[in-house]
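Protein chains get the first letters and strands the later ones, always in sequence-line order, with residue 1 at the start of each.
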Amino acid sequence: MPETLIGYDVAAIRADFPGLSRQIGAHPLVYLDSANTSQKPQQVVDAISDHYLFHNANVARAMHTLGMEATAAYEGAREKVAEFIGGSRDEVIFTKNASEALNLAANTLGSRLQPGDEIVISVLEHHSNIVPWQLVAERTGAKLRWFDITDEGRLDLVKAEAEGLINQRTKIVSVAAVSNVLGTVNPITEIAAKAHAVGAVMVADAAQAVPHGRVNVATLGADLVAFTGHKMLGPTGIGVLWGRYDLLASLPPFLGGGEMINVVKLTGSTYAEPPYRFEAGTPPIAQAVGLGAAIDYLNQIGVDQVAAHEERITAYALTRLARVPGLRILGPTQPIDRGGAISFTLTTADNVEVHPHDVMQLLDSRGIAVRGGHHCARPLHERLGIVASSRASLYLYTTTAEIDALADGLNYVADFFGGRS
Amino acid sequence: MPETLIGYDVAAIRADFPGLSRQIGAHPLVYLDSANTSQKPQQVVDAISDHYLFHNANVARAMHTLGMEATAAYEGAREKVAEFIGGSRDEVIFTKNASEALNLAANTLGSRLQPGDEIVISVLEHHSNIVPWQLVAERTGAKLRWFDITDEGRLDLVKAEAEGLINQRTKIVSVAAVSNVLGTVNPITEIAAKAHAVGAVMVADAAQAVPHGRVNVATLGADLVAFTGHKMLGPTGIGVLWGRYDLLASLPPFLGGGEMINVVKLTGSTYAEPPYRFEAGTPPIAQAVGLGAAIDYLNQIGVDQVAAHEERITAYALTRLARVPGLRILGPTQPIDRGGAISFTLTTADNVEVHPHDVMQLLDSRGIAVRGGHHCARPLHERLGIVASSRASLYLYTTTAEIDALADGLNYVADFFGGRS
Amino acid sequence: MSVETLYQEIILDHYKAKHHSGLREPYQAEVTHVNPSCGDEVLLRVELDGETVTDVSYEGIGCSISQASTSVMADLVIGKSVTEAMSLLADFTEMMHSQGRYEPNEDRLEDAIAFVGVAQFPARVKCALLGWSAFKDAAAQALSAEEGRQ
Amino acid sequence: MSVETLYQEIILDHYKAKHHSGLREPYQAEVTHVNPSCGDEVLLRVELDGETVTDVSYEGIGCSISQASTSVMADLVIGKSVTEAMSLLADFTEMMHSQGRYEPNEDRLEDAIAFVGVAQFPARVKCALLGWSAFKDAAAQALSAEEGRQ
Ligand SMILES: Cc1ncc(COP(=O)(O)O)c(C=O)c1O
Ligand SMILES: Cc1ncc(COP(=O)(O)O)c(C=O)c1O
């Protein structure tokens with residue numbers, strides 16, 4: 001059993017990612033920004049190149065041999081995605097990123113909203129799961145309401161219950177499956193049950209969940225699930241909205257053009273069945289191929305293995321960072337119901353809070369890549385009473401040695417800006 | 001002078017496109033579907049691979065060394081695009097394809113429309129320049145009106161004038177710069193002048209124009225110009241909307257999330273300046289890099305050279321196809337104000353019109369890739385009194401030998417379905 | 001995947017002389033089905049007598065595959081019970097999605113076995129199914145119309 | 001591009017003891033500028049007497065670069081004419097966009113020359129310009145307020 005927990009041969013995995021062997025100045029790269037975007041294995045890059053060079057054509061509309069090859073590759077990728085999340089292929093819509101997927105959800109569900117209706121999201125959401133709802137609320141007169149968080153950085157379900165947050169007026173609930181700042185794993189299934197009890201649609205922003213193999217749409221309870229390719233070893237330029245077929249079939253189109261139609265006439269048009277209804281214009285064909293290759297790669301290692309590795313590294317990082325003087329972890333400090341994004345603030349010995357830009361910059365001078373800012377979650381930072389934070393985020397290629405480098409680096413940062421300790 | 005007209009060494013160009021040397025069954029590939037999507041040179045594919053493997057990070061928000069490299073690459077691509085079309089970098093919005101660009105235009109301009117306002121498009125448009133306007137007209141109560149075409153397949157400006165098509169109620173005019181079916185080059189500058197005279201915004205769908213170096217936004221007259229990467233040697237998953245800066249600055253956001261914001265608060269959000277206001281979520285980073293490489297490639301050959309080559313091959317194809325018995329070319333039959341998309345119908349000796357699917361299929365059996373269908377322009381086909389057509393489309397790598405193969409192939413097709421001639 | 005696998009003689013014959021083509025009365029249901037990417041259309045009528053398909057008539061625009069397939073379908077289902085027709089539809093659909101790995105039963109599918117080659121051309125499967133799916137819809141509508149009458 | 005090019009002693013000194021920090025009266029214009037990707041903010045006030053910048057006061061949250069740069073800017077522009085201040089802004093902006101290929105004039109830019117290294121870190125240029133762009137806006141507003149008064 002311990003064998004499984006210890007996981008796989010990380011060095012062998014890292015050999016598939018040539019970029020991880022880069023030098024940043026005099027230092028080896030320590031890439032701890034995978035929640036922002038992951039690195040890509042050679043296998044994914046090769047699949048994309050091979051597609052462009054030898055099987056490139058438009059899909060569906062191109063019926064010649066190359067067109068059939070491209071279509072088979074594109075639709076094959078759709079099947080791989082569907083299988084990876086436990087859905088069916090006609091429930092998988094390819095978008096350009098998770099943000100478009102969430103906008104698609106907001107706009108199409110929004111067509112049913114009226115003044116007085118309520119949409120519920122949470123203060124810990126990424127802007128991509130906030131702004132689309134603000135825009136649709138503005139347009140329709142619906143009211144936007146928010147889950148608060150507890151001091152530990154988890155959704156405050158007790159307060160929500162007391163406030164009657166989810167009630168008969170609630171039409172949509174949209175919550176992140178895993179927070180990109182706090183790492184919190186949110187109880188989507190429980191919230192979905194509450195949403196469904198009042199007839200609301202449940203949307204899950206799974207951008208930080210799917211890359212870690214944490215999502216099975218058959219049991220999750222959400223009706224719509226958004227995620228993005230570039231955070232799961234895949235290319236940029238592709239995201240996914242999964243939806244229950246009968247829900248998708250009841251939604252109006254979002255963007256118009258290309259193959260999303262049934263018949264176009266001067267007097268008006270009729271639209272294709274899902275998923276095509278929601279894919280306007282030439283889709284991200286090579287990107288789907290790349291995402292399919294990324295899923296193959298994840299499956300080959302095994303998502304359980306990946307999860308076990310990440311859990312181990314997250315636990316190690318939480319322990320190691322807790323020992324850095326002046327460092328305060330935002331969100332859960334134990335590796336329980338917690339993803340591998342670890343945000344923190346750093347205060348020097350003479351009590352100056354080092355700004356995340358400065359943390360980032362000094363770590364970068366040692367080859368260590370972390371993110372500093374509000375991580376597209378400004379309302380969450382406001383709720384936490386801070387402007388910005390630093391974030392280290394892990395993935396299947398992260399090593400304990402990298403965590404050690406980070407911890408050492410943070411000590412150096414604190415010394416640089418504060419009195420030498 | 002004749003040297004320039006004869007163009008460049010096509011064989012050398014073709015060597016950059018490994019896919020063009022493929023065999024389809026026993027036949028060498030003859031790729032005549034470039035208006036659908038172009039093939040990609042090795043240089044573009046290598047630029048994408050190199051980016052993913054060695055410079056991959058998120059942009060803007062990632063400030064570490066890799067993040068700076070990715071941002072420089074992404075913003076550098078924006079500059080290349082701007083220069084290629086004669087615009088400035090803050091006027092170039094990256095979208096997922098031309099269709100999204102046109103939806104962006106329709107939705108943001110649509111926010112100003114009222115019942116009684118008129119939008120003018122043409123019957124020869126691609127669905128991507130029809131459906132977004134139908135959707136926005138439905139939503140706002142604006143009326144959609146259409147340019148008709150002449151028998152020669154050109155916009156009927158005389159009829160439009162007589163009908164008062166563009167008038168004081170006109171708020172938006174959106175027309176293709178080059179038809180993807182007929183090849184017609186439309187007089188955008190003239191139409192734009194008429195649109196501007198009544199205070200309307202002029203949109204040009206330049207998906208079939210920019211790949212051939214035909215667009216200079218500084219003189220074109222359009223206020224918004226849409227095009228797509230995959231038709232100009234670039235990757236799938238990226239398109240462009242260029243817009244006059246002051247117009248863009250006056251438009252509301254389209255999709256929400258990510259870096260398109262200024263400040264996000266629970267009570268509402270404010271938005272970034274153009275172009276960022278319109279780029280929600282992680283943008284198509286590697287795709288921008290690939291598009292930049294495609295532009296480098298086009299510039300290296302020289303757009304004048306490309307245009308000269310295409311003109312020559314188009315002229316050759318028009319002559320050669322005119323000699324195929326039973327073949328009728330749709331649109332201009334002379335290579336004047338005409339792009340390299342040539343659509344046609346084919347009738348056998350015993351007077352059976354061969355369906356474009358069957359044309360496509362039989363040509364494919366000889367390695368020749370053309371498109372059969374309505375080419376996402378059903379209203380145009382309805383106007384022409386046909387359901388579908390076959391289309392051969394050319395690009396900078398097309399040879400006269402490929403045109404010969406097409407003409408021979410079409411004779412074979414007519415024989416196959418009709419009495420042997 | 002030679003083009004001869006696709007364009008079998010039977011298909012070309014049906015294409016050149018479509019059986020049961022032309023709209024006829026009476027009919028209980030009429031539907032239009034479209035292939036969105038090319039605009040091919042079939043307008044199809046079904047007349048039932050109890051459980052029996054007494055007539056199928058249609059007008060279609062389309063490629064040889066879609067036209068021949070509709071012609072073969074009409075031959076096959078006219079005179080059969082709705083249940084039997086639906087069972088044939090199921091067989092045909094399975095054959096179309098088999099990518100060529102299907103042993104068609106000639107006794108049941110008759111001329112329709114000629115379409116086994118189409119399954120190797122995924123882009124054309126939609127063509128071959130156009131008339132069949134129109135029949136499926138129309139028959140279902142006709143059935144509920146019958147039930148309404150009772 | 002060593003980190004020492006960036007964090008020069010002058011910058012760290014200004015960061016630790018920001019000059020002219022804290023909001024003061026009177027002022028003719030007040031603006032808030034934000035760096036969208038990190039949420040850093042500066043609230044800045046400008047007071048003019050005719051063509052002369054008599055006071056700049058501010059409250060800011062941000063990294064060492066943005067804070068130090070605002071401090072240095074206030075030092076530089078207070079007491080100068082608006083025209084001179086704008087000319088300094090132009091020089092500073094040029095230096096920031098030079099990618100390090102800029103020979104700053106120490107007599108004119110004084111402590112601001114320490115920021116020449118920032119130009120090699122494009123992601124941080126926004127930080128260095130935050131206070132300056134707030135000043136530009138506020139000064140423009142103050143000028144038109146003055147004109148309005150006349
Ligand atoms: C004239 C025209 N407009 C728009 C488009 C849509 O481009 P895309 O499919 O890349 O969105 C195309 C190509 O399909 C086109 O030819
Ligand atoms: C939780 C969450 N939601 C949504 C997004 C948006 O993803 P994308 O930028 O690919 O649209 C991200 C990542 O940036 C995220 O972490």
**Part of Ile48(A) lying under 4.5 Å from any heavy atom of chain B** = side chain
**Asked** Does one side chain, of Asn97(B) or Thr228(B), offer a donor that lies under 3.5 Å from an acceptor on the other?
**Response** no
**Asked** Quick one: does Leu291(B)'s side chain get under 4.5 Å of Met232(B)'s, heavy atoms only?
**Response** yes
**Complete:** If one checks every heavy atom of Ala98(B) against chain A at 4.5 Å, the contacting part turns out to be neither
**Contact winner vs chain B - Ile130(A), Leu20(A), Leu66(A), heavy-atom pairs under 4.5 Å** = Leu66(A)
**Asked** Should the pair Arg277(B)-Glu259(B) be classified as a salt bridge under the 4.0 Å nitrogen-to-oxygen rule?
**Response** no
**Prompt:** Quick one: what part of Val123(B) sits under 4.5 Å from any heavy atom of chain A, side chain, backbone, both or neither?
**Reply:** side chain
**Prompt:** Any Lys/Arg nitrogen of Lys265(B) or Glu382(A) sitting under 4.0 Å from an Asp/Glu carboxylate oxygen of the other?
**Reply:** no
**Message:** Under 3.5 Å, is there a donor on one side chain and an acceptor on the other for His230(A) and Thr236(A)?
**Reply:** no
**Message:** If I measure from the heavy atoms of chain A, does Ser365(B) come under 4.5 Å with its side chain, its backbone, both, or neither?
**Reply:** neither
**Message:** So for Leu53(A), is it side chain, backbone, both, or neither that comes closer than 4.5 Å to the heavy atoms of chain B?
**Reply:** both
**Request:** For residues Tyr74(A) and Phe94(A), establish whether the separation of their ring centroids is below 6.0 Å.
**Result:** yes
**Prompt:** Looking just at side-chain N and O atoms, do Asn107(B) and Arg139(B) make a donor-acceptor pair shorter than 3.5 Å?
**Reply:** yes
**Request:** Could you tell me which portion of His357(B) (side chain, backbone, both or neither) has an atom closer than 4.5 angstrom to a non-hydrogen atom of chain A?
**Result:** side chain
**Request:** Would you please indicate yes or no on a ring centroid separation below 6.0 angstrom for His126(A) and His375(A)?
**Result:** no
**Complete:** So, the part of Asp33(B) with a heavy atom under 4.5 Å from chain A: the answer is side chain
**Asked** What part of Leu29(B) lies closer than 4.5 angstrom to a heavy atom of chain A: side chain, backbone, both or neither?
**Response** side chain
**chain B contacts, top residue of Val44(A), Asn36(A), Val45(A), Val370(A) (heavy-atom pairs, under 4.5 Å)** = Asn36(A)
**Message:** Checking side chain to side chain contact (heavy atoms under 4.5 Å, CB included) between Phe278(A) and each of Leu255(A), Thr108(A), Thr95(A), Leu241(A), which is the one that passes?
**Reply:** Thr108(A)
**Complete:** Honestly, the part of Met63(B) sitting under 4.5 Å from a heavy atom of chain A is both
**Fill in**
Given Asp46(A), Ile24(A), Asn58(A), the one with more heavy-atom pairs under 4.5 angstrom with chain B than any other is Asn58(A)
**Flag for Gln39(A)-Asn56(B): side-chain donor and acceptor within less than 3.5 Å** = yes
**Message:** With a 4.5 angstrom heavy-atom cut-off, is it the side chain or the backbone of Leu266(B) that approaches chain A, or both, or neither?
**Reply:** both
**Asked** Given that the side chain runs from C-beta out, which part of Pro283(A) has a heavy atom under 4.5 Å from chain B: side chain, backbone, both or neither?
**Response** backbone
**Message:** So for Ser34(A), is it side chain, backbone, both, or neither that comes closer than 4.5 Å to the heavy atoms of chain B?
**Reply:** neither
**Asked** Between Arg22(A) and Glu69(B), is the closest basic N to carboxylate O distance under 4.0 Å?
**Response** yes
**Complete:** Honestly, the part of Ile285(B) sitting under 4.5 Å from a heavy atom of chain A is both
**Prompt:** Is it the side chain or the backbone of Phe17(A) that comes within 4.5 Å of chain B heavy atoms, both, or neither?
**Reply:** neither
